[in-house]
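Excluded from the calculations below are hydrogen atoms, water molecules and symmetry mates; all remaining heavy atoms, backbone and side chain alike, are included. Small disclaimer: the values here were computed from a predicted structure and weren't measured.
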Amino acid sequence: QVQLVESGGGLVQAGGSLRLSCAASGRTFSSYGMGWVRQAPGKEREFVAAVNWSGGSTYYADSVKGRFTISRDNAKNTVYLQMNSLKPEDTAVYYCAATTYGSSWYSLNGYAYWGQGTQVTVSS
């Protein structure tokens, strides 16, 4: 069983930055991919960013490409989402998610474990 705990959300002005962190339990963090998914009220979930088990490959949604950066530190069992040039449309609850070994890290259906989420609000 994997537990994921997000932190770093908050209220920020448009154009500002936030860094989200996700701490994972267990000893096998390096064996699975990690991703960030967001959901605004009344809207579909959006697969925002993901990184494979080694950190050597990444994925970004077109809506955040060039503004967000996902990274991982396997020694610290932590994945990060650096969010720059934030826009009001980035407002959502951001969830950290983890795959199991062998699952697709680059699509939403590969993710089996989810954190509780952290709220990001960007004011205009």
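- Listed by first and then second residue, the salt bridge (charged side-chain N to carboxylate O under 4.0 Å, His left out) pairs involving residues 28-57 are Arg38-Glu46, Arg38-Asp90 (not counting sequence neighbours).
- Qualifying salt bridge (charged side-chain N to carboxylate O under 4.0 Å, His left out) partners for Glu89, counting only residues two or more places apart in sequence or in other chains: none.
- For residues 100-118, there are no salt bridge (charged side-chain N to carboxylate O under 4.0 Å, His left out) pairs, not counting sequence neighbours.
- Distance check: Gln116 CD to Ser7 OG gives 13.5 Å after rounding to the nearest 0.5 Å.
- For the pair Leu4 and Cys96, the tightest heavy-atom approach, listed with the atom from each and the gap, is CD1-O, 3.7 Å.
- Val2 and Tyr80 sit in two unconnected hydrophobic clusters of ILVMFWY residues. Membership requires side-chain heavy atoms under 4.5 Å apart, directly or through other members.
- Partners of Ser85 according to the side-chain contact (heavy atoms from CB on, under 4.5 Å) rule, which considers only residues two or more places apart in sequence or in another chain, are Arg67.
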- Gln119 and Thr91: CA distance, side-chain angles, deciding distance, side-chain contact (heavy atoms from CB on, under 4.5 Å) verdict: CA-CA 8 Å; Gln119 177 71 47; Thr91 296; 4.0 Å; yes
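- In terms of heavy atoms, Met34 sits closest to Cys22 at CE-SG, 4.1 Å.
- Through side-chain heavy atoms spaced under 4.5 Å, either directly or across other Ile, Leu, Val, Met, Phe, Trp or Tyr residues, Val37 is tied to Phe47, Tyr59, Val93, Tyr95, Trp105, Tyr106, Leu108, Tyr111, Trp114.
- Atom-to-atom distance recorded for Leu86:CG and Phe68:CZ is 5.0 Å, nearest 0.5 angstrom.
- In terms of heavy-atom proximity, Ala14 sits nearest to Ser124 at CB-CA, 4.5 Å.
- Residues Arg72 and Asn52 share a closest heavy-atom pair of NH1-O, 2.7 Å.
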- Query: Could you go step by step and tell me if Thr99 and Trp53 meet the side-chain contact (heavy atoms from CB on, under 4.5 Å) rule?
  - Reply: CA-CA 9 Å; Thr99 70; Trp53 68 271; over 6 Å; no
- Item | side-chain contact (heavy atoms from CB on, under 4.5 Å) assessment of Glu6 paired with Leu20 | CA-CA 7 Å; Glu6 303 97 333; Leu20 306 183; over 6 Å; no
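- Looking at residues two or more places apart in sequence or on another chain, you find no ring pair (Phe, Tyr, Trp, His ring centres under 6.0 Å) involving Tyr94.
- Considering every non-hydrogen atom in both Thr58 and Ile70, the closest pair reads CG2-CG2, 3.9 Å.
- Applying the 6.0 Å contact sphere to CD of Gln3 captures no more than 12 heavy atoms from other residues, nucleotides or ligands.
- Taking all atoms of both residues into account, the shortest heavy-atom contact from Gly110 to Ser103 is O-CB, 3.4 Å.
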